[in-house]
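For reference, the structure discussed in these notes is given below.
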Amino acid sequence: MLKQKNAAKLVYLLILLLVIGWNIAIIVPSYCESNGSYLSAFLVRKIFSYICHQKTERSFFIWNAPLAVCARCSGIYIGLLIGSLFYPLIRSYQDTNSPPRIYLIIAFLPTTLDFSLGMLHILENTHFSRALTGLIAGIGLAFYLIPAIVNLFEELNLWFRNQ
Amino acid sequence: MEESKFKPALISGVIFGILLSIPIIIPKLSIANCLCCGWLLACGAVAVKIYSNNIQVPLKTSQAALVGLIAGATADIFCTMVSKFVGLFRSVSTEEMRITFRQAFEQQPTLNAEQIDQYMKIVDIFLNHQIAFGILFFLIGIIMASGFGALGGVIASSFFNKGKTPPPTPPYGYGQSFGEGPKSSYPGN
């Protein structure tokens with residue numbers, strides 16, 4: 001039992017480390033560009049280009065250079081980090097049952113509304129609205145991602161033991 | 001018989017590959033880019049939904065991750081194929097690509113002339129080794145797409161399992177006394 005708890009804790013810490021690393025990677029191009037490391041900035045931006053449109057006018061700036069992802073994606077990833085940090089205070093990382101799906105829908109509702117209203121030109125969204133609604137979605141996402149990945153590692157662990 | 005994981009993954013991969021290709025085929029519809037990684041997460045989730053509809057037992061998270069991973073990779077491969085196909089018709093020369101890159105950098109308000117020159121040197125390196133970097137970026141794309149597809153699949157697995165019950169466990173010692181379990185009583189077998 002203790003072994004299982006430790007394994008779940010280890011997986012949680014691994015996820016946390018990955019999320020921290022991912023959030024650091026977002027600001028790497030800005031830092032590199034301000035320090036004259038243009039190749040690194042270019043490569044990291046290229047990697048993130050597969051998952052984000054990276055429009056400058058929709059991105060936050062640090063060190064007078066845009067981040068690797070847009071404001072909404074930045075909000076989602078920072079939210080994911082906040083959610084992952086507070087996760088053990090709210091749920092046990094051994095619990096592999098995800099919360100009811102309605103909470104994920106609620107978490108993604110603000111960002112969906114913000115995106116849809118902006119696209120239909122009903123209400124122009126701002127950097128702040130994109131990031132804030134993304135943040136809510138990211139926090140919610142953490143509570144579904146962590147139990148699912150812990151469960152995945154448990155299954156893989158069991159599979160390797162049976163081999 | 002075990003249900004194939006490839007079929008749902010390929011169906012979803014091709015559907016989302018088409019959706020991801022829209023901004024490449026019709027640049028005016030670049031609004032589709034705004035969903036960013038959401039397309040890939042949805043690709044994995046849809047593949048898992050199709051797969052879970054075809055099986056009676058609860059879906060394992062590892063199975064969902066695998067289905068999502070294949071779906072994400074398929075979507076990326078399909079999208080790359082479409083972009084290469086479209087590229088054949090547009091046949092842009094290296095010099096034209098250089099000009100496009102320079103224009104894109106010049107539109108960035110934070111970049112000064114010196115920084116643009118630095119970026120153009122990097123662009124020149126990539127343009128001089130287009131095949132090598134094309135393969136490298138293709139592989140990076142597959143890794144990113146399959147990773148996000150797997151995440152979509154893993155998240156979706158917890159949703160689509162609800163309401164499904166695992167099959168009853170066979171009684172203890174079932175099939176052990178005779179070695180192979182119940183045998184057919186048909187004559188001649």
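Quick note: numbers below take in every heavy atom, side chains included, and nothing from hydrogens, waters or symmetry partners. Protein chains get the first letters and strands the later ones, always in sequence-line order, with residue 1 at the start of each.
- Atoms CG and CD1, from B/Leu40 and A/Ile51 in turn, are 8.5 Å apart once rounded to the nearest 0.5 Å.
- No continuous path of ILVMFWY side-chain contacts below 4.5 Å connects A/Leu18 to A/Ile24, so the two sit in separate hydrophobic clusters.
- By the criterion of side-chain heavy atoms lying less than 4.5 angstrom apart, applied directly or through intervening Ile, Leu, Val, Met, Phe, Trp or Tyr residues, A/Ile26 is grouped together with B/Phe148 in one hydrophobic cluster.
- Residue B/Ile142 holds its CD1 atom at 9.5 Å from OH of A/Tyr50, rounded to the nearest 0.5 Å.
- Grouping the Ile, Leu, Val, Met, Phe, Trp and Tyr side chains by contacts below 4.5 angstrom, directly or via other members, places B/Ile135 apart from B/Ile77.
- The shortest heavy-atom contact between A/Glu33 and B/Gln115 is O-NE2, 4.1 Å.
- Ring-plane geometry between B/Phe101 and A/Phe42 is classed as tilted, the angle between the planes lying from 30 to 60 degrees on a 0 to 90 degree scale.
- Both the backbone and the side chain of B/Phe137 come within contact range of chain A, each with at least one heavy atom under 4.5 Å from a heavy atom of that chain.
- Hydrophobic cluster membership is shared by A/Leu39 and B/Met120, with clusters built from Ile, Leu, Val, Met, Phe, Trp and Tyr side chains linked at under 4.5 angstrom.
- In this structure, B/Lys121 forms no cation-pi arrangement with A/Tyr38, as its terminal cationic atom is not both closer than 6.0 Å to the ring centre and no more than 45° off the ring axis.
- Atom CG of residue A/Leu43 and atom CG of residue B/Leu136 lie 8.0 Å apart, to the nearest 0.5 angstrom.
- For A/Leu120, the CG atom sits in a packed shell: over 12 heavy atoms of surrounding residues, nucleotides or ligands are nearer than 6.0 Å.
- The backbone N or O of B/Lys60 sits nowhere less than 3.5 Å from a side-chain atom of A/Glu155 that would complete a donor-acceptor pair.
- Interatomic distance, CZ of B/Phe126 versus NZ of A/Lys46, reported as 8.5 Å (0.5 Å rounding).
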Pair A/Leu104-B/Ile155, side chain to side chain contact (heavy atoms under 4.5 Å, CB included): steps then yes or no: CA-CA 10 Å; A/Leu104 189 65; B/Ile155 295 168; 4.2 Å; yes

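- Rounding to the nearest 0.5 Å gives a distance of 8.5 Å between OG of B/Ser157 and CG of A/Leu152.
- The shortest non-hydrogen separation linking B/Val154 to A/Ala148 is CG1-CB, 3.0 Å.
- Put simply, CG on B/Leu41 and CG on A/Leu141 are 7.0 Å apart, with the number rounded to the nearest 0.5 Å.
- Around CZ of B/Phe6, the count of heavy atoms belonging to other residues, nucleotides or ligands within 6.0 Å does not exceed 12.
- Interface residue A/Phe61: only side-chain heavy atoms are found under 4.5 Å from chain B.
- By the 6.0 Å contact criterion, CZ on B/Phe133 is enclosed, its count of non-hydrogen atoms from other residues, nucleotides or ligands being greater than 12.
- Crowding of B/Phe105 atom CZ: a count of heavy atoms from other residues, nucleotides or ligands under 6.0 Å exceeding 12.
- Hydrophobic cluster membership is shared by A/Ile15 and A/Tyr77, with clusters built from Ile, Leu, Val, Met, Phe, Trp and Tyr side chains linked at under 4.5 angstrom.
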